[in-house]
S.K.: 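What follows is a structure written as structure tokens; I'll ask about it next.
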Amino acid sequence: VRLRHEVVALRTRHPFVIARGGAADHRVVQVTLTDADGATGQGEAAPNRFYGETPETVAAALARYEPVLAQGNSWSVEAVEAELPTVLRGNAAARSAISAALHDLAARRLGVPLHRLWGLDPARAPRSSFTIGIVDDEAELRRRIAEAAEYPILKVKLGSARDEWVMRVVRDAAPEKTLRVDANAAWMPKRAVRMCALLAEHGVEFVEQPVAAHDLEGLRFVRDRSALPIIADESCLVATDVARLAGLVDGVNLKLAKCGGLREAHRMIATARAHGLLVMAGCMVETSLGITAAAHLAPLLDFADLDGAALLAHDPMDGATITGGEIRLPDRPGLGVVRRATA
Ligand SMILES: [Mg+2]
């Protein structure tokens, strides 16, 4: 299997700011695999500095992974996914692009959408939330909520000094919507407990990553004192983390850029279910190529946060959509993603 890659620069409609700050660099790396018979598959890496990846590290990692693919059998997805981290560990986003491309290639050869190959019913996908990033101007915050009118579920990014104010404005502007909150590891445990009480008054559905990623005792502390379900995101990268988090949180948020591929994502879901945990899938800022790979898992989820491509000013790819929050998977074979015709 031959590999080529291309770095694609993306622009969000609004500056995307979370508790750790805003990122101006939203470059993804798109991978195309071509087998000896000409069959192809594509996937996307959405590198995130928080997890130590950039487009440059992805490109370097792909160069290291190329020999594995050159010698590997494209049907042996499990074996290839298992071998990649033995050549170079970490680099989950880079590996996830290869994983998605191998799944795309296999399902395209079989002529079926990936979700069908997995035996999943797309109608069982939960609705996706739409993210409201951190904004400190009230008129701008209200404008963003108004722009998100079609989405019945909003995910509100918190973790600034003005969290209480943000929640009052959001609830006032969207009295009927389901609200979820993501603190992106910003709070100390005691502040998190106080915030959870306030969020419960606002009817928030759950809270994602209230405290620092490494602070598992903090997660337990908050969960023991909070009426709201606590979902681990930054604390939970791979399936072994899911097992460690059992009993400390109510659920986990998986992302391909953290876990390194669709096989590992399935293992995370199975591990979470074995421990009675809720399962959510999230994303980075990415095109519909990256989003669609994760969206094929949607029928297995309790919660979805797959708005990464919906946040873009222009999405170069056409795949799964979340119009009105409803996740619609393409019927085309494989991932079912095609390049949009440029105007
Ligand atoms: Mg999160």
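Atoms within a ligand are numbered from 1 in the order they appear, just like the ligands themselves. If you read the sequence from its start, that first residue is 1, and numbering goes on from there.
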S.K.: State, to the nearest 10 degrees, the angle whose vertex is the Mg ion (ligand 1) and whose arms point to OE2 of E208 and OD2 of D182.
M.R.: 90°
S.K.: Distance-only, no hydrogens or angles: does the H296 side chain make a donor-acceptor pair with backbone N or O of L335 under 3.5 Å?
M.R.: yes
S.K.: For T271, which residues count as a side-chain contact (heavy atoms from CB on, under 4.5 Å) partner, sequence neighbours excluded?
M.R.: A239, V242, A243, H275
S.K.: Mind checking what makes salt bridge (charged side-chain N to carboxylate O under 4.0 Å, His left out) contact with D182, not counting sequence neighbours?
M.R.: K155, K157
S.K.: Got an N, O or S from E234 under 2.8 Å of the Mg ion (ligand 1)?
M.R.: no
S.K.: Taking just the N, O or S atoms of D233, which one is nearest to the Mg ion (ligand 1)?
M.R.: OD2
S.K.: Can R223 be said to sit on top of F221's aromatic six-ring, NZ or CZ under 6.0 Å from centre and within 45° of the ring axis?
M.R.: no
S.K.: I'd like to know if the Mg ion (ligand 1) has an N/O/S atom from D305 within less than 2.8 Å of it, counting both backbone and side-chain atoms.
M.R.: no
